[in-house]
Amino acid sequence: MCIATSMGARAQGRPEKTEPTAKKTTILPHVRAWNMVDDYTTADTVVVDTIVAEHQIHNPIWRRSVSNVSTGNLGAPSLPTFYPAIVRDRGNVFYNSLLPIMTRPETFTFYNTATPYANLTYQKGIPKRRREEFFSALFTQNVNKRLNIGMRFDLNAAIGRYLNSAADNSKFSMWASYEGEVYHAQMAFYYQKFQIEENGGILNDNIIMYPDSFDYDKAEDIPVQFMDAKNRLASYNFVYGHSLDIGFVTRTEGDSVEYDVPVATAYHKFTMDRSHHDFWIDNLSTYAETNLFPLVYLDPTRTHDDRKYMLLSNTFQLKLNEEFNQLLRFGVKLYLTNEIKQYYWDALTTVEQDEDGEDVLIYHRNKENRVSTYMGGQLFKNIGENLRWQAGIRLSMQGYDVGDVNANGKLELTFGSERWRTTLWGKANFELRSPTLWENRYTSNHYDWSTELDREQTLDISGGLRVPEMNIDVSVFSSTLNKRVYFGSDGVPTQKSDVTQILGVYGRKHFTSKIGFNSIIRVAVQKTSDNDVVPLPKLALYSSCYWEHKFFGVLLTQIGFDVHYNSKYYTPAYNPMLMQYVPQSERKTGGYGYFDPYANFHLRKIRAYFKDEHINNLWGSNDHFLTIHYPSNPHTFKFGLSWNFYD
């Protein structure tokens with residue numbers, strides 16, 4: 001049973017009024033959840049995760065993209081290779097491989113509850129000696145009908161099936177939301193820590209592909225590149241968005257129903273993002289003769305790359321609400337944003353001699369502040385059953401990226417009725433983007449670059465249709481990239497001198513039958529003109545087929561299997577020193593399907609799954625690599641339990 005109720009995507013502002021009702025002796029479970037989007041001016045409804053279908057997809061990267069590259073472990077760095085799912089951070093490039101599992105302001109979930117709501121989730125993968133465990137605890141409740149508070153704690157501890165591949169991720173968050181008559185606010189603090197052991201991949205890929213030629217009994221016996229390399233990133237985030245309705249007029253709906261409409265709404269959003277990122281190797285001399293690392297610039301005995309980043313952002317917005325504008329029937333929004341970005345990173349060391357004539361390394365630090373001011377506006381129509389649209393532009397007026405532009409538009413047209421209710425949509429986005437500081441200049445123990453890259457030019461166009469009652473979602477997308485900045489195979493940012501073109505089609509369909517058989521299919525076909533700039537598989541497929549039945553009228557059961565597949569291509573290789581995925585032409589990987597039988601159960605407030613992941617590893621091909629030097633995990637049994645409390 002889904003306990004979320006729909007509130008629709010609505011503008012943050014005056015809460016919906018309801019007629020008073022008689023006092024009830026029992027408060028029914030009621031949980032409403034939403035993300036704040038459009039710089040915290042719009043509440044976008046999300047469904048509280050209580051559904052059974054696809055509950056067995058425990059890794060968040062596969063919930064967000066039909067195709068991914070990762071180093072294999074839960075909580076490890078990853079990269080979506082389904083183009084619409086690719087996201088790049090505008091300030092800190094070292095976030096990019098963690099963005100699929102990081103909490104961000106636009107993905108943070110707020111709640112409003114009629115009764116206290118809590119959830120406990122536990123997941124585990126075996127064998128025990130290489131265990132994978134995930135635990136999550138969430139609690140939220142309303143202090144009164146307007147004020148909600150809550151907190152959440154997530155802990156992921158995955159040892160990994162291969163040597164030195166552990167990933168320990170922990171997250172803690174607290175939040176509050178207030179929905180008043182004229183004042184509304186959302187506040188969130190969240191801390192995220194990622195500690196990842198980096199093995200650099202296995203030493204010889206042939207050990208996996210031709211196991212009979214080698215004498216290794218278990219995956220953890222296979223030699224890897226590094227045994228003492230680690231990445232650690234700690235991130236502190238605070239976001240506060242609030243709004244005030246200004247002026248009210250009375251409107252009449254139908255013959256007699258009167259309601260108040262705010263003339264305008266003023267918004268303010270403050271964001272702080274502060275992170276500390278380290279990469280270290282305690283004994284660098286161990287690898288001195290192997291040529292596994294680029295040149296050493298700072299310290300020949302050890303590596304301790306240290307970088308810090310902080311973003312302070314304020315956005316002020318004024319919106320003329322479309323409910324008030326009965327003449328033109330659309331809204332207008334103007335905004336001003338100021339951003340301060342602080343960067344700290346290592347500088348080249350110098351060598352001086354002490355009193356005894358011994359060489360002493362003198363360490364230095366780079367520090368730079370970058371300030372930008374943006375101005376923008378938007379015309380929009382978000383209210384209406386049949387037609388919705390938006391058109392906006394953002395200009396950089398001051399700072400290092402002055403002249404940057406982002407222009408976008410979106411159109412939704414809904415028609416038909418009941419089962420064939422269909423929405424056609426289209427959107428376009430044009431952007432001129434200056435490279436980030438660390439794409440232009442950076443120094444670490446193994447890298448040193450300084451260049452002035454040109455401004456990127458990107459044009460994204462997409463469109464599609466949705467038929468919710470028929471469970472159909474189809475879209476097409478196209479992207480034209482000019483002067484795209486990317487990390488080259490040598491780990492140094494480079495720029496494509498000409499145009500890269502991307503075309504693709506995506507579809508999702510949920511087939512059902514009266515006797516309980518279901519099939520959920522997600523498929524993407526895409527083409528990139530340059531696999532170095534944007535590496536993409538031509539075909540990516542996910543399918544979940546299951547039989548569903550409710551036993552004894554209470555125990556909902558799904559028994560089925562998942563299939564993941566993507567065609568062979570030159571998958572991006574992983575560079576642990578920079579925590580970046582880079583192009584490679586050594587060999588193609590992919591063309592291998594993963595077969596995962598599972599069983600899902602739902603009894604009242606409890607959901608559980610049991611899953612045999614990668615069971616075809618017991619009899620199928622051995623060429624099961626996620627990318628070069630990183631094989632997927634061998635056959636693993638996993639189970640999970642999620643328990644909701646809302647009364």
Using modelled atom types and a 3.5 Å cut-off, is there a donor and acceptor pairing between side-chain atoms of [X] and backbone atoms of [Y]?
| X | Y | result |
| --- | --- | --- |
| T627 | P572 | yes |
| D89 | L99 | no |
| R130 | G160 | yes |
| E198 | N231 | no |
| N575 | V582 | no |
| N68 | S65 | yes |
| R63 | I57 | yes |
| D305 | N445 | yes |
| T109 | W34 | no |
| N600 | R607 | no |

Would you mind reporting whether [Y] and [X] have side-chain heavy atoms less than 4.5 Å apart?
| X | Y | result |
| --- | --- | --- |
| N96 | F487 | no |
| Y574 | P77 | yes |
| I222 | L163 | no |
| Y190 | K171 | no |
| I615 | P597 | yes |
| S97 | Y581 | yes |
| F194 | M102 | yes |
| F601 | T557 | yes |

_Criterion side chain to side chain contact (heavy atoms under 4.5 Å, CB included) on T103 and S173, from CA distance to verdict_ = CA-CA 10 Å; T103 301; S173 58; over 6 Å; no

Would you kindly say whether [X] and [Y] are connected by a side-chain donor-acceptor distance under 3.5 Å?
| X | Y | value |
| --- | --- | --- |
| Y335 | D38 | no |
| Y598 | S544 | yes |
| Q56 | D562 | yes |
| S642 | H55 | no |
| H58 | E613 | yes |
| T121 | N119 | yes |
| D154 | S136 | yes |
| S275 | Y95 | yes |
| N112 | S177 | no |

State yes or no: are the ring centers of [X] and [Y] separated by less than 6.0 Å?
| X | Y | answer |
| --- | --- | --- |
| H614 | Y592 | yes |
| W62 | Y542 | no |
| F561 | F595 | yes |
| Y442 | F94 | yes |
| Y191 | F189 | no |
| H277 | F279 | no |

Which distance, rounded to the nearest 0.5 Å, do you find between the [atom1] of [X] and the [atom2] of [Y]?
| X | Y | atom1 | atom2 | result |
| --- | --- | --- | --- | --- |
| R522 | R508 | CZ | CZ | 7.0 Å |
| N59 | F134 | CG | CZ | 10.5 Å |
| I86 | T81 | CD1 | OG1 | 7.5 Å |
| N566 | L541 | CG | CG | 10.0 Å |
| T71 | L626 | OG1 | CG | 8.0 Å |
| T271 | L312 | OG1 | CG | 9.5 Å |

*asked:* Salt bridge check, E431 against R433: does any charged N sit closer than 4.0 Å to a carboxylate O?
replied: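 Here R433 does not pair with E431 in a salt bridge, since their nearest N and O are not under 4.0 Å apart.
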
*Would you mind checking if E220 and R129 are paired as a salt bridge, meaning a charged N to carboxylate O distance below 4.0 Å?*
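Yes, this pair counts.
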
*Step by step, work out the side-chain hydrogen bond (donor to acceptor under 3.5 Å, both in side chains) result for Q141 and Y111.*
CA-CA 8 Å; Q141 74 170 53; Y111 296 85; over 6 Å; no

More than 12 heavy atoms of other residues, nucleotides or ligands under 6.0 Å from [atom1] of [X]: yes or no?
| X | atom1 | result |
| --- | --- | --- |
| K509 | NZ | yes |
| W547 | CH2 | yes |
| R274 | CZ | no |
| K427 | NZ | no |
| R232 | CZ | yes |

Show the atom names and distances, to 0.1 Å, of all donor-acceptor pairs under 3.5 Å that link a side chain in residues 233-241 to residues at least two apart or in another chain.
residue, atom, partner, partner atom, Å
S235, OG, N237, ND2, 2.8
Y240, OH, Y183, OH, 2.7

*Please name all residues satisfying side chain to side chain contact (heavy atoms under 4.5 Å, CB included) with T589, sequence neighbours left out, ordered by chain then number.*
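By the side chain to side chain contact (heavy atoms under 4.5 Å, CB included) rule, T589 matches T571, R587, F625, I628.
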
*Sequence neighbours left out, what passes side chain to side chain contact (heavy atoms under 4.5 Å, CB included) with D228? Give chain and number order.*
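Checked D228 against side chain to side chain contact (heavy atoms under 4.5 Å, CB included); matches are I281, D282, N283, Y287.
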
What is the minimum heavy-atom distance between [X] and [Y], and which atoms define it?
| X | Y | result |
| --- | --- | --- |
| N169 | G75 | OD1-CA, 3.0 Å |
| E132 | K638 | OE2-NZ, 3.0 Å |
| P631 | I202 | CD-CG2, 4.1 Å |
| A157 | D168 | CA-OD1, 3.5 Å |
| P127 | R161 | CD-CZ, 3.7 Å |
| L74 | A167 | O-CB, 3.6 Å |

Is the ring pair [X]/[Y] parallel, tilted or perpendicular, if the boundaries are 30 and 60 degrees?
| X | Y | result |
| --- | --- | --- |
| Y646 | Y117 | tilted |
| F108 | W175 | perpendicular |
| Y343 | W438 | perpendicular |

